[in-house]
Protein chains: 2
Amino acid sequence: MTIAPVCPAPITQHETVQMAHGAGGRLSQVLMQRVFMPHLHNHFLDLLDDQAKLDLPPGRTAFSTDTYVVSPVFFPGGNIGELAVNGTVNDLAVGGARPLYLSAGFVLEEGFPLADLETIVMSMAAAALKAGVMIVTGDTKVVGKGQCDRIFINTAGVGAIREGVDLSCRNLKPGDSLILSGSVGDHGMAIMTSRQNLSFQSTIKSDSASLNSMIAEVLDAVPGVHAMRDPTRGGVAATLNELAAASSVGIEINETAIPVKPDVRGACELLGIDPLHVANEGKLVLAVASKDADRVLEVMRATEEGRDAVIIGTVVDDHHGMVVMRTAFGSRRIVDLPLGEQLPRIC
Amino acid sequence: MTIAPVCPAPITQHETVQMAHGAGGRLSQVLMQRVFMPHLHNHFLDLLDDQAKLDLPPGRTAFSTDTYVVSPVFFPGGNIGELAVNGTVNDLAVGGARPLYLSAGFVLEEGFPLADLETIVMSMAAAALKAGVMIVTGDTKVVGKGQCDRIFINTAGVGAIREGVDLSCRNLKPGDSLILSGSVGDHGMAIMTSRQNLSFQSTIKSDSASLNSMIAEVLDAVPGVHAMRDPTRGGVAATLNELAAASSVGIEINETAIPVKPDVRGACELLGIDPLHVANEGKLVLAVASKDADRVLEVMRATEEGRDAVIIGTVVDDHHGMVVMRTAFGSRRIVDLPLGEQLPRIC
């Protein structure tokens, strides 16, 4: 079927998503023609088969998925569309893979403005282009008014794992240095302040970004990095706890080493939230043998996404499974997993 | 992290999904331990990395995605979980691929009973086992009460495309025979009658099934099949229209050849719906050179999913892009795409 872009009618402000757009009939095709294909079309998607047929490079393949339900859909520094692309790109990249192809599954609420959908799709196209990935297969469902909150997007992705690289949360060794690529809490606090109408007081923007390019440079320089994670939901605290538990090691970090932007810190204090529990969408935590740490730092700092990279702590053969922080006041405290729901629908 | 099954506390009837189950902290881990891992665990998922690392066989890879928003979540003949597995398995299989690995992305509404979630997860595990695929990576989000309708599930999947097979909706040739694997409308009418409280009057059950085993047998016997599609949303009518348009050919079908079960036909008449527009979740439409049609029929009829397979029509070099049906009364009518939303949230 050729429903590649053929000068479709432009989207007008009053048009909204209708139930029929998701029914698999004529109006589903119209939605494809007018909103999705003009921005996303490529030689896979244009075929409109039920599946993309890919020639993956030899070697192991990484496969990952995430559904995005962030609220609000548009937030300072981004929107759900670019978040959905960057998030899955990063989940592939932290496994040592070169992200290649994404799928996109949309759930749309009846009445959602088509112009907003188009903006989101355009952001996805731009984010995919920047990350060097293609969206090759997709699906759209429409549910009635009140049956979902505006728009949810699932992305799954495949990528080619670099040979000679073995990144896993089980690979931490006592003595490893822990490196963080930049300031924490930007994404979560951008969402929270915009949601709480606190945006007047801040210039906090989401850090949503694809990290695959920076990660590739790190692995070019130091293929033997032990583990990488992007500290999203649950923040750096959850990531470090997961690493400590998975590798049966202890982790010690220094509070003063962890970069937190002043307005993020202020918003966290106002809302009573620990910045270490706040989601990031363009940050990297990695563990590497201490002898290689300076080289990794140097490479990261030469990139846009990693220019504020710092060593935040070390892996120790003590208090296994536990993360301990030396505070700014010189005391020590346990950094636990966030228990609960203080930051719902952050991604 | 080892959160493989370690005798987790059984789910009790009064427990429900909480916002904190989706926040990436302690309770997210508890949900994994208690509901997902006991049923889905395997050596990929047990690692709990952000991505699965797969050794795919050489050759081309099929990649597909679908989000399932079916309402009700439990329906005669199945539930959203097995539908989500079978649907993506089938989307891979109709591309000539052996389905291998699935991802699963859940969106859960706060307050959804954990026992229902467990039933759904168990159905997914059973469907995956039956289809010979593994669920290797996943994600769970929780949204507030009223922000989604109970549960949505996205599955994406990868599969290994068989060498020497070239299935595409653009491959139909005039003279081809069109084969349908069995009766139409079962899934959609099972949903509609249960939703409309018409279930008292019918024994209609969803036909939800994985088709990869039958498709493999067909392709073993006749690798040169031209095209396969599973006629889901929009029904057989949408599938045939898409095939006709993509291949720039005409399609002629015989109404009397199309199997419709008596109670499905009755429900369709009652609701004023054309059975050809109703979704199926375990049926196959294929196009094959007429010389090979009998062999394909023979193979299909020897399988459980294809025992009622029939030739429903032929591809013609006339009225390109159009599907024409010879009716039971001997007249001819155009079979169009369904226009709209008569069957919302059918899958």
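Here is how names work: the chains are called A, B, and so on, in the same order as the sequence lines, proteins then strands, and each is numbered from 1. Computed from a predicted model, the values in this text were never measured in an experiment. Excluded from the calculations below are hydrogen atoms, water molecules and symmetry mates; all remaining heavy atoms, backbone and side chain alike, are included.
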Checking [X] against chain B: side chain, backbone, both or neither under 4.5 Å from a heavy atom?
X	answer
A/Ile346	neither
A/Thr140	backbone
A/Ala52	both
A/Val94	both
A/Val30	neither
A/Asp336	side chain
A/Ala104	backbone

Choice from [options] maximising heavy atom contacts with chain B below 4.5 Å:
options	answer
A/Leu56, A/Val142, A/Val136, A/Val143	A/Val143
A/Arg150, A/Glu109, A/Arg345	A/Arg345
A/Leu54, A/Val158, A/Leu167	A/Leu54
A/Asp149, A/Asp139, A/Val107	A/Asp139
A/Lys141, A/Arg60, A/His21	A/Lys141
A/Gly105, A/Ser103, A/Gly234, A/Ser248	A/Ser103

Open item on the list: Please classify the contact between B/Ala62 and chain A as side chain, backbone, both or neither, with a heavy-atom cut-off of under 4.5 Å.
Closed with: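 Both parts, backbone and side chain.
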
Task: B/Asp274 side chain vs B/Leu276 backbone, donor-acceptor pair below 3.5 Å - done: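 Judged by distance alone, yes, a pair lies under 3.5 Å.
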
Open item on the list: Check whether B/Asn171 reaches the backbone of B/Asp166 with its side chain - one donor and one acceptor, N or O, closer than 3.5 Å.
Closed with: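 Side chain of B/Asn171 to backbone of B/Asp166, a donor-acceptor pair under 3.5 Å: yes, one is there.
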
Task: For chain A, the option from B/Cys148, B/Gly146, B/Cys347 that forms the most heavy-atom pairs under 4.5 Å - done: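 Among B/Cys148, B/Gly146, B/Cys347, the one with the most close pairs to chain A is B/Cys148.
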
Task: Among A/Thr155, A/Thr88, A/Leu102, side-chain contact (heavy atoms from CB on, under 4.5 Å) partner for A/Val133 - done: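 The option that passes is A/Leu102.
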
Do the non-hydrogen side-chain atoms of [X] and [Y] ever get within less than 4.5 Å of each other?
X	Y	answer
B/His43	B/Leu47	no
B/Arg98	B/Pro57	yes
A/Asp49	B/Arg170	yes
B/Met228	B/Ile215	yes
A/Lys283	A/Pro231	yes

Task: Atom pair CD1/NE2 of B/Ile251 and B/His320 - distance to nearest 0.5 Å - done: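 That separation rounds to 11.5 Å.
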
- [ ] State yes or no: are the ring centers of B/Phe44 and A/Phe63 separated by less than 6.0 Å?
- [x]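 Distance test on ring centres: not under 6.0 Å, no.
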
